[in-house]
**Q** 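Sending over a structure as structure tokens; questions will come in a sec.
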Number of protein chains: 2
Amino acid sequence: MPSSRPLRADARRNREALLAAAREAFLADGDATVEEIARRAEVAVGTLYRHFETREALVAEVYRQEVAELCAAPARLLTHHAPDEALRTFLLLLVEHAAVGRGMGEALESIMATDSPVFDDARDEMARALDDLLAAGAAAGLVRSGISGRVVLRALGGICGLRAKGWKDDAVRIATILYDGLRYGAANHG
Amino acid sequence: MPSSRPLRADARRNREALLAAAREAFLADGDATVEEIARRAEVAVGTLYRHFETREALVAEVYRQEVAELCAAPARLLTHHAPDEALRTFLLLLVEHAAVGRGMGEALESIMATDSPVFDDARDEMARALDDLLAAGAAAGLVRSGISGRVVLRALGGICGLRAKGWKDDAVRIATILYDGLRYGAANHG
DNA sequence: TCCATAAGGTGAGTCCGACTCCGCTTGCGT
DNA sequence: ACGCAAGCGGAGTCGGACTCACCTTATGGA
């Protein structure tokens with residue numbers, strides 16, 4: 001159903017406006033009712049639902065770009081760093097992304113810690129990205145083998161939700177612990 | 001407000017019935033509307049709300065016993081095992097508890113991964129229990145120091161929510177990775 | 001240029017679940 | 001046995017996601 005017809009001009013405008021309004025609302029506050037988003041975009045809720053199946057689908061769309069970018073990182077990191085360093089950097093990059101705004105953290109948490117089918121694609125993509133990292137590390141004997149990306153993803157899920165004072169330090173610590181834990185059973189243990 | 005007066009007989013009965021109904025509903029299905037719980041207990045929702053501030057408070061109460069038990073474990077484990085072994089066992093014990101029913105997992109997740117004030121007590125208690133474990137481990141040079149129980153708690157949060165096939169294996173793996181990560185930077189590194 | 005028409009937009013309304021309120025009922029101390 | 005505070009019932013409110021029957025308009029073909 002994409003591109004059966006190229007989308008009428010007003011429709012495209014509204015879709016864009018909705019995404020912009022949602023992005024604005026999410027990045028800042030983290031939530032926002034569909035009503036609020038529609039109002040910001042100067043359309044009615046019905047229009048919102050013409051373009052996005054559910055509120056969650058809108059959230060997913062808003063963060064798709066950024067998640068895709070995040071998922072592209074492992075391949076890039078692996079060309080510039082040793083696999084273990086690439087893994088470490090990626091985990092910290094994730095924390096960094098989660099920190100850009102309440103919304104991004106929540107989106108990442110939804111992807112990592114829920115099983116909502118709306119995020120299936122993003123979840124699969126991130127799991128695959130992590131798989132690559134882990135496989136490269138294992139092949140080099142720097143990371144224990146037998147761990148799937150999905151597992152690591154899930155382990156990281158918790159750190160993206162809350163925004164208490166000092167949150168980021170904690171997140172970095174957790175990422176570091178996980179990283180060390182992943183190296184612990186490696187062939188070249190050290 | 002506890003024990004200003006010993007609670008009228010019918011009130012005690014209803015309170016008990018509500019807890020029983022909720023326990024039954026939660027352990028099996030994981031959720032249940034307040035309406036459903038009230039119906040099961042053969043009282044009206046108003047009665048439910050006389051006894052419990054919010055739905056969450058009811059959840060907290062249902063699992064208080066079990067959480068308290070869980071929190072008592074570290075002290076016991078430390079008298080029988082080396083600190084590192086005690087830590088490992090506790091992490092696995094947590095996974096075990098999360099596995100007893102959808103509800104218990106959800107409750108643990110709420111405690112560990114949210115900041116709902118309803119779970120403040122449980123959260124504090126668990127963090128303290130973990131602190132003890134970590135401090136003992138650090139004192140013996142078996143566990144890296146500088147990690148607070150709260151951080152570990154948060155890291156574990158993600159593993160208690162989902163119930164996909166093979167979930168428990170994943171949870172055990174994550175717990176193991178965390179455990180290894182916690183030992184990684186220890187004084188007697190090995 | 002103009003019309004037919006299907007794509008798109010609208011917003012009051014539905015649904016659902018948590019929570020409230022107030023009048024009625026009842027356990028229990030005297 | 002009586003009074004009344006404690007307790008209970010359940011219809012009602014509220015808030016948020018989502019729907020649908022009807023209206024508006026962009027667009028492409030004559």
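Throughout, a chain's letter reflects where its sequence line sits, starting with A, and its residues are numbered from 1.
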**Q** Is a side-chain donor or acceptor of A:R40 paired with a backbone partner of A:E35 at a separation under 3.5 angstrom?
**A** no
**Q** Take the protein atom CZ of B:R13 and the nucleotide atom C1' of C:dG27, then report the distance between them rounded to whole Å.
**A** 9 Å
**Q** Classify the nucleic acid contact of A:T33 as base, sugar-phosphate or nothing, counting any heavy atom under 4.0 Å across all strands shown.
**A** sugar-phosphate
**Q** Could you walk me through whether A:E61 and A:R64 pass the salt bridge (charged side-chain N to carboxylate O under 4.0 Å, His left out) test, one step at a time?
**A** CA-CA 5 Å; A:E61 189 60 31; A:R64 239 229 327 238; 3.4 Å; yes
**Q** Give the minimum heavy-atom separation between A:S116 and A:E56, together with the two atoms involved.
**A** OG-OE1, 3.0 Å
**Q** B:I37 CD1 to C:dC19 C1': how many Å, rounded?
**A** 13 Å
**Q** Can you identify which nucleotide, out of D:dC8, C:dG11, D:dC18, has its nearest atom closest to the B:T47 side chain?
**A** D:dC8
**Q** Please determine whether the number of non-hydrogen atoms from other residues, nucleotides or ligands lying under 6.0 Å from atom CZ of A:R102 exceeds 12.
**A** yes
**Q** Below the 4.0 Å mark, does D:dG7 have OP1 or OP2 next to a side-chain nitrogen or oxygen of B:H51?
**A** no
**Q** Quick check against the 3.5 Å criterion: does A:R12 have a side-chain atom that pairs as donor or acceptor with the backbone of A:L7?
**A** no
**Q** Can you tell me the distance, in whole Å, between the CG atom of A:L48 and the P atom of C:dG11?
**A** 14 Å
**Q** Return no unless some side-chain N or O of B:R8 is found under 4.0 Å from OP1 or OP2 of D:dA6.
**A** no
**Q** Reading DNA chain D from 5' onward, which residue's closest nucleotide shows up sooner: A:T54 or B:R50?
**A** B:R50
**Q** On DNA chain C, does the nearest nucleotide to B:G46 precede the nearest nucleotide to B:D10 from the 5' side, or the other way round? Give the residue.
**A** B:G46
**Q** Just how far, in rounded Å, is C1' of C:dC19 from CG of B:L58?
**A** 14 Å
**Q** To the nearest angstrom, how far is B:E35 atom CD from C:dC19 atom C1'?
**A** 10 Å
**Q** Please check this pair: side chain of A:T47 against backbone of A:V43, looking for a donor-acceptor N/O pair closer than 3.5 Å.
**A** no
**Q** I need the CZ-P distance between A:R12 and C:dA7, as an integer number of Å.
**A** 17 Å
**Q** Taking the side chain as every heavy atom from C-beta outward, state whether A:L156 and A:I159 have any pair of such atoms under 4.5 Å apart.
**A** yes
**Q** Just to be sure I understand the geometry, which residues of residues 105-115 of chain A put a non-hydrogen atom under 4.0 Å away from DNA chain D?
**A** none
**Q** Should A:D180 and A:T176 count as side-chain neighbours, where that means a heavy-atom distance under 4.5 Å?
**A** yes
**Q** State, to 0.1 Å, how close A:M104 and A:V67 come at their nearest heavy-atom pair, and which atoms those are.
**A** CE-CG2, 4.4 Å
**Q** Counting side-chain heavy atoms from CB outward, which of D:dA26, D:dA17, C:dG27 is closest to A:A9?
**A** D:dA26
**Q** Any side-chain donor-acceptor pair under 3.5 Å between B:R144 and B:Y184?
**A** no
**Q** Could you work out how much the helix from C:dT1-D:dA30 to C:dT30-D:dA1 bends, comparing the axis of its first five pairs with that of its last five, to 10°?
**A** 0°
**Q** Just the rounded figure in Å: distance from C1' of C:dG8 to OH of A:Y49.
**A** 18 Å
**Q** Both A:L7 and B:V45 contact DNA chain C. Which one's nearest nucleotide lies toward the 5' end?
**A** A:L7
**Q** Between B:R15 (CZ) and C:dG27 (P), how many Å, whole number?
**A** 20 Å
